[in-house]
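Here is the structure we will look at, set down as structure tokens.
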Amino acid sequence: MLAVVHAAQLVTLRGPAHARRGNELRELAIIADGALLVEGERIARVGTSAEIEKSCDQHTEVVDARGCVVLPGFVDAHTHFVFAGNRLDDFEARARGETYEQIAQRGGGIQTTVRATRAASEDELFSLARKRADWFLRNGTTTVEAKSGYGLTREDELKILRVIRRIGRETPLQTVPTFLGAHAVPAETDRETYVQLVINEMLPRVSAQKLAEYCDVFCEQRYFDLESSRLVLEAAKRSGLKLRMHVDQLTNGGGAALAAEFGATTADHLEQTDRDGIAALASANVQPVLLPGSVYALGSHKYPDARAMIQARLAVVLASDFNPGSSPSTSMPMMLSLAVTQMTLSPAEAITAATINAAASLSRAHEIGSLEQGKLANFVIYDCADYREIAYWFGISLVRDVFVQGRRVSTVSS
Ligand code: NIG
Ligand code: FE
């Protein structure tokens, strides 16, 4: 048994095992001088230190969290962390004034990462991904959704999905796989031919080999327009995959309405989405996944209208969008900072969006996302006494210890 005691604030997020909306987003269910009892990989009890200490005996390993905040591990519901190479040239070009779209049109952007990822072996990709798994853990994230999308051939997409699965099995980071074959049209072919390849060659194998739970599409004029997105989404549904979608990132192209029409689990980005798009998401109960890291890193100022989404009673999610092009950061605390300073979320709303709501968007709210009896013991101890500090001190990691399924993750303090 393991006991964590004397947390200045144990942020439990106790409540219904589904996504929180409206005022529920502000309810963190904090226990002052809080404690946790862990048996094996699960939480056995949550309470005050006085209550939990009664259940400890001489065999209990006791972790003193005096002066610290304890939070559920962050659940990052949108990442692209399996890729090779980097996008340093794009980064510098944007500083000279080129836009993300201009860079993509001259063959940079996603295509640069596709070339490097195709050239990498499965083992090389795994060792790059393992390093990034450490980055997530060191910043307090214990579960990530992870997308393919930098292979764009049948074999290269399957290779990426196998690496995602292997990270989940061989490192403490838990992964939820998403097939994003429709991320970009590869340079060697045209959109129509490629959509057929995604539908006829990739999706059947992804689903037969159970390599993904979700299918995603980059729904955007120069990538996959509404018509081609529709074809991919229909095929994905027939294959039994649930849907997540990149919509309205660069232009307001009706992607939110399409996500609603298909009953997608999530609609992600939404920077350009207007009131009608928000109403469509609300009517179909689609969860919006907000990705302020990509707005920040692209030097844009147009953040999604998070307040209007909360007012429309949408169960907002906050994620990193970690990828080499538009959001090279695995730091959920940085995303919390952006959510508070740029999107007017309160620190409590941001934490709920990055934990239980993110878990709900991955169909895992019964297992992770809050600190409650019976759930997996995935939690993080921060070196601060008020949860708001996690969003307040930006660019500074306050993570002291990370636990996944009751075990301390060694990379953090080593
Ligand atoms: O979510 N928008 C599409 N995909 C990523 C960027 C991918 C890249 O630039 O490599 C995103 O921002
Ligand atoms: Fe993305």
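Counting starts at 1 for both ligands and their atoms, in listed order. Because only heavy atoms are used, hydrogens play no part in the values below, and waters and symmetry mates are left out as well, while side chains stay in. This is a predicted model, so every value here is computed, not measured.
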- Query: Between R166 and E170, is the closest basic N to carboxylate O distance under 4.0 Å?
  - Reply: yes
- What atoms of ligand 1 come closer than 4.0 angstrom to any heavy atom of H80? 1 (O), 4 (N), 5 (C)
- Within 4.0 Å of some non-hydrogen atom of R87, the atoms of ligand 1 are 8 (C), 9 (O), 10 (O)
- For ligand 1, note which part of F83 has a heavy atom under 4.0 Å away: side chain, backbone, both or neither. neither
- Residue D321 vicinity, atoms of ligand 1 by number, heavy atom under 4.0 Å: 1 (O), 11 (C), 12 (O)
- Item | Heteroatom N/O/S of H80 within less than 2.8 Å of the Fe ion (ligand 2) | yes
- Examine ligand 1 and decide if any of its atoms is less than 4.0 Å from a heavy atom belonging to Y100. yes
- Note on the structure: For G325, the ligand 1 atoms with a heavy-atom partner under 4.0 Å come out as 9 (O), 10 (O)
- Query: Rounded to the nearest 0.5 Å, how far does NE2 of H78 lie from CG of N323?
  - Reply: 7.0 Å
- Query: What residue and atom, counting heavy atoms only, is the protein's closest point to atom 4 (N) of ligand 1, and at what distance?
  - Reply: H183 NE2, 2.8 Å
- Note on the structure: Residue pairs meeting side-chain hydrogen bond (donor to acceptor under 3.5 Å, both in side chains), one or both in residues 177-193, sequence neighbours left out, come to R118-E188, E145-T178, D190-T193, R191-D225
- Message: Taking 4.0 angstrom as the limit and counting only heavy atoms of N323, give me the atoms of ligand 1 inside it, by number and element.
- Response: 5 (C), 6 (C), 7 (C), 8 (C), 9 (O), 10 (O), 11 (C), 12 (O)
- Centre of F81's six-membered ring, under 6.0 Å away, within 45 degrees of the axis: is that where NZ or CZ of R132 sits? no
- Task: Would you check if the Fe ion (ligand 2) lies under 2.8 Å from any N, O or S atom of D268?
- Result: no
- Any idea how F379 and F403 line up, ring-wise: parallel (<30°), tilted (30 to 60°), or perpendicular (>60°)? parallel
- Message: Any atom of ligand 1 sitting under 4.0 Å from a heavy atom of E220?
- Response: no
- Would one find an N or O of S326, backbone or side chain, under 3.5 Å from an N or O of ligand 1? yes
- Purely on distance, is any nitrogen or oxygen of Q249 under 3.5 Å from one on ligand 1? yes
- Can a non-hydrogen atom of T113 be found less than 4.0 Å from any atom of ligand 1? no
- Query: Which ligand 1 atoms does H246 reach within 4.0 Å, using its non-hydrogen atoms?
  - Reply: 1 (O), 2 (N), 3 (C), 4 (N)
- Are R244 and Y214 in a cation-pi setup, meaning NZ or CZ lies under 6.0 angstrom from the ring centre and within 45 degrees of the ring axis? yes
- Message: Do the side chains of R162 and E122 get close enough for a salt bridge, i.e. N-O under 4.0 angstrom?
- Response: yes
- Message: Quiz question: by atom type and distance under 3.5 Å, do the side chains of K242 and S363 form a donor-acceptor pair?
- Response: yes
- In D321, the N/O/S atom nearest the Fe ion (ligand 2) carries the name OD1
- Side chains of E220 and T251: is there a donor and an acceptor less than 3.5 Å apart? yes
- Message: Could you check whether any heavy atom of Y150 sits closer than 4.0 Å to an atom of ligand 1, since that is the contact criterion I want to use?
- Response: yes
- Can you establish whether the number of heavy atoms outside Y296 located under 6.0 Å from its atom OH is more than 12? no
- Task: Considering only NZ, NE, NH1 and NH2 on the basic side and carboxylate oxygens on the acidic side, decide whether K159 and D156 come within less than 4.0 Å.
- Result: yes
